[in-house]
Amino acid sequence: KSDFSLPNYIYQLSKAGELVGDLSGSLRSGLNQLEYERRLSSDFKAALTYPIILLLSGLVAVLLVFILVVPKFVPMLERSDNLPLISEIVFNMGIFFNDNILMVGSISALIAFGLVWGLRQKSVRETVYDFFSRTPIIGSWLTQNDVARWCSILGVMLASKVEILESIELANLSVHSTRRRNGLNRVIDHIKAGETLSDSLEKEKVLTSVGYNLIRSGERSGRVAPMVASL
C-alpha cells in the first residue's frame, strides 16, 4: 500500500514469512537476493565502461579529423587527380561535415535523443538484450547472468515456502531475454499438466544439462530449493 519501489518478490517473501512464522528469515533472503542483483548490475556496468570509453574516444577522434585536419588538406589535395577511393570518401565527408555542421550536429543530437528515449522503453531494451544474447562472447555472459538471476530468485522463493507456480511466475519477471522468459512461462503450463519441474525446463531448453540434472536430483531428494539456488 505504501508503493515502495521494491521488487515483486520482496512482497511475496514477506507474505510467505508471515504465513510460516519466519518473517525475519524471509526478509533476510529477500535482502540477500536484492544485494546479489545489485552486484550483477554493478558488474555489468563495470564491464561496459571500458568499451564505452573506447567508443566515445573514437568518435571524438573522427570528429577532430573532420573539423581540424581535413579542411587544411583539402586545397592541396584538390589538385590531385589520382587520389585513392578511400581518401576521396574521407575528404568529401570532411568537406560536407564542415559545410553543414549545424545540420549534422542537429541530426546527431536527434539520433542521441532517440537512442536514449528508446533505451528507456522496456520493449526496446528487451530487443537489444535479445540481440546481444546471440553474439558469441557477450551473449554467453548475458545468458549466464539471466539464468543465475532466475535460479537465485526461484530458490529463495521455494525455500521460503512460496507455492511453486507462483515462485516461477515471480522468478520469470526477473528474466531479461524475451525468448527465455516465454519458454519459462510455458514451463508453468507443463507443470500444470503434471510434468516435473526438471522435465518442463528441459523440454523448453532454458537451462543447461547440468541444471536439469541438479534439479532432478533435488526432486528425488526433496531438496529442490537448495539445488535451484546452487545454479
Side-chain angles (χ1 to χ4, degrees), residues 5-13 30 33-49 51-52 55 111-158 162-216 224-225 227-231:
S5 181
L6 294 172
N8 289 330
Y9 59 81
I10 295 292
Y11 303 120
Q12 298 303 321
L13 284 173
Q33 177 61 35
L34 191 60
E35 290 176 340
Y36 170 74
E37 291 184 6
R38 292 186 65 180
R39 286 196 301 272
L40 279 182
S41 177
S42 177
D43 291 343
F44 183 72
K45 291 177 181 178
L48 289 180
T49 299
I52 290 175
L55 178 62
I111 292 175
F113 175 80
L115 288 174
V116 173
W117 179 85
L119 291 176
R120 290 179 178 270
Q121 310 303 311
K122 184 178 179 181
S123 58
V124 176
R125 291 199 306 270
E126 290 179 346
T127 301
V128 172
Y129 192 94
D130 285 338
F131 171 77
F132 282 108
S133 293
R134 298 186 182 96
T135 56
I137 298 176
I138 299 178
S140 176
W141 187 74
L142 292 177
T143 297
Q144 291 176 12
N145 281 342
D146 229 11
V147 171
R149 187 184 300 106
W150 181 84
C151 291
S152 179
I153 292 177
L154 181 61
V156 168
M157 300 298 289
L158 293 176
V162 179
E163 194 266 336
I164 184 170
L165 295 181
E166 188 173 3
S167 298
I168 295 174
E169 288 178 358
L170 289 170
N172 290 356
L173 295 175
S174 69
V175 176
H176 295 313
S177 170
T178 305
R179 180 191 64 80
R180 181 169 291 100
R181 191 188 314 119
N182 291 337
L184 289 168
N185 287 333
R186 289 192 295 270
V187 166
I188 297 175
D189 297 328
H190 295 318
I191 294 177
K192 288 180 179 179
E195 298 185 35
T196 63
L197 175 61
S198 57
D199 290 340
S200 302
L201 292 169
E202 189 169 13
K203 181 175 291 186
E204 294 298 332
K205 300 179 180 179
V206 288
L207 299 182
T208 62
S209 57
V210 175
Y212 307 135
N213 292 330
L214 277 175
I215 294 175
R216 191 169 287 116
V224 176
M227 288 299 183
V228 172
S230 68
L231 293 174

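From a predicted model like this one, the values you see are computed outputs, not experimental measurements. The basis for the numbers below is simple: all heavy atoms, side chains too, and nothing from hydrogens, waters or symmetry mates.
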Under 3.5 Å, side chain of S133 to main-chain N/O of Y129, donor-acceptor pair present?
-> yes
Nearest non-hydrogen partners of K205 and R179, listed with the distance = O-NH1, 4.5 Å
Spell out, as yes or no, whether a donor-acceptor pair under 3.5 Å connects the side chain of N182 to the backbone of T178.
-> yes
Taking Q121 for the side chain and V124 for the main chain, is one N or O donor matched with an acceptor at less than 3.5 Å?
-> no
So, for R181 and V175, which heavy atoms are closest and what is the spacing to 0.1 Å?
-> NH2-O, 2.9 Å
So do the side chains of H190 and T196 get within less than 4.5 Å of each other, counting heavy atoms only?
-> no
Where is the tightest heavy-atom contact between E195 and S200, given as atom of each residue plus distance?
-> CB-OG, 3.6 Å
Do the side chain of T49 and the main chain of K45 share a donor and acceptor less than 3.5 angstrom apart?
-> yes
Please step through side-chain contact (heavy atoms from CB on, under 4.5 Å) for the pair K192 and L165, ending with a clear verdict.
-> CA-CA 8 Å; K192 288 180 179 179; L165 295 181; 3.9 Å; yes
Stepwise, does the side-chain contact (heavy atoms from CB on, under 4.5 Å) test hold for I215 with E202?
-> CA-CA 10 Å; I215 294 175; E202 189 169 13; over 6 Å; no
Nearest atoms (heavy-atom pairs only) where N172 meets W150 | OD1-NE1, 2.7 Å
When rounded to the nearest 0.5 Å, the distance separating CG of L34 from CG of L6 is 7.5 Å
Distance from L184 atom CG to S177 atom OG, nearest 0.5 Å?
-> 9.0 Å
H176 NE2 to R125 CZ distance, which is reported to the nearest 0.5 Å | 8.5 Å
Counting distance only, does the side-chain N/O of R134 pair as donor-acceptor with the main-chain N or O of D130 below 3.5 Å?
-> yes
Smallest heavy-atom separation, L142 atom then F132 atom, equals CD1-CB, 3.7 Å
Carefully, step by step, assess Y36 and R39 under the rule side-chain contact (heavy atoms from CB on, under 4.5 Å).
-> CA-CA 5 Å; Y36 170 74; R39 286 196 301 272; 3.7 Å; yes
Please round to the nearest 0.5 Å and tell me the distance separating atom CD1 of I188 and atom CD of E204.
-> 11.0 Å
If you round to the nearest 0.5 Å, how far is CD1 of I168 from CG of L197?
-> 5.0 Å
Working to the nearest 0.5 Å, report the span between OH of Y212 and CG of L214.
-> 12.5 Å
Taking all non-hydrogen atoms of both residues into account, name the closest pair between L158 and I164 and its distance.
-> CD2-CA, 3.9 Å
